[in-house]
Amino acid sequence: MKNVLVTGATSGIGKATCNSLLNEGYRVFALGRDVEKIKDLLDQFSEQLHFLAIDLNSYQEYTKIFDEFLSGQKLDGLVHCAGMEETLPINLYTPEAVQRIFNINVFSGIELMRFFAKKKYSNEGAGVVFLASVMATLGQAGKTGYCASKSAILGMVKSLALELAKRKIRVNAISPGVVNTPMTQKLFSQIEEDNIERIKNMHPLGIGEVEDVTPTILFLLSEGSKWITGQNFIIDGGYSIQ
Amino acid sequence: MNKAEFIKGLEEELELEITLTAETDLKGLDEWDSMAAMLLIGYVSNEFGLTLTADDIKNISTVQSLIERIGVEKFN
């Protein structure tokens, strides 16, 4: 049975990824803050799914993930879904605010990889998938921190792909457009109705669902993608081609 | 933060030419646009940890109505 570590596992794309992996027979080590939100999957897949409640902003806790939670099992995959979205005009982007979004969106990923890259924690040929965003390559007013942090992921992915190629570990990013998740619902609650309509209309295939994104994640973890590394896959219903 | 400090801070964040008072109609300001609304949401979030929704923005008119939405008791 192959082992995959999933962060941000209790909602949105992270939870849907866990669900798909479990149905495909993977063993999933899931990280999140609130166990209640993943209780349904824990009940359904009690043998295959393991959960650790952790705040990924606390880097000193990461050793717990790799030295205790995995209990000696080596990973075949990592999917880093934890992250935050924020709309804040540049006038209000203090160093603390920039630090906060980079901590979870970028630095946590680098710290996870510092552990994952070690032979004792991962198998040769493992697959790593980072969640970037279509906003990693496009811009939007009020999204300096979000766009910058998601762009940073693309740089990090290419560098890590080269560094880990000798162990046949592949590192890729996916860049979703607007997908119907709790994070998007929060965003939509903060913007006006006609603005929501405008965003929806900018997606030729409509707003995405989490199930539109997870098959690519599973592919990037699978044997079929063993010659693909350092890439960014845009999954956005045609949003970015206009 | 008291009411006067809040109003002064808001005036600075929105970079207004005029002096803001509790009676000023926010949406009547020359500077009012979607960016100003975004600044207002960010300012209130930073100072009070409260995230205003699009409905809140739709419903507020004067600075006083904004203060009431935040909660008068939060100002000392």
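Keep in mind that what you see is a predicted model, and the values were worked out from it rather than measured. In what follows, chains carry the letters A, B, and so on, assigned in the order in which the sequence lines appear, proteins first and then strands, with residues in each chain numbered from 1.
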Exercise for the section: Inspect the surroundings of CD in Gln60(A) and state if more than 12 heavy atoms from other residues, nucleotides or ligands are less than 6.0 Å away. Expected result: yes
Fill in the blank from the handout: side-chain contact (heavy atoms from CB on, under 4.5 Å) filter on Ile41(B), not counting sequence neighbours, yields Leu52(B), Ile57(B)
Practice task
Applying side-chain hydrogen bond (donor to acceptor under 3.5 Å, both in side chains), name anything that partners Lys39(A), two or more places apart in sequence or on another chain.
Solution key: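 Lys39(A) satisfies side-chain hydrogen bond (donor to acceptor under 3.5 Å, both in side chains) with no residue once adjacent residues are dropped.
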Problem - Parallel, tilted or perpendicular, as decided by the 30° and 60° cut-offs, for the rings of Tyr62(A) and Phe115(A) - result: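 Tilted: the ring planes of Phe115(A) and Tyr62(A) meet at 30° to 60°.
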Handout entry: side-chain contact (heavy atoms from CB on, under 4.5 Å) partner of Pro176(A), the single match among Ile13(A), Asp212(A), Asp236(A)
Key = Ile13(A)
Fill in the blank from the handout: Ordered numerically, the heavy-atom neighbours of chain B under 4.5 Å found in residues 80-102 of chain A are Thr87(A), Leu88(A), Pro89(A), Asn91(A), Leu92(A)
Practice task
Please name all residues satisfying ring pair (Phe, Tyr, Trp, His ring centres under 6.0 Å) with Phe188(A), sequence neighbours left out, ordered by chain then number.
Solution key: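 Listed in chain order: nothing, the list is empty.
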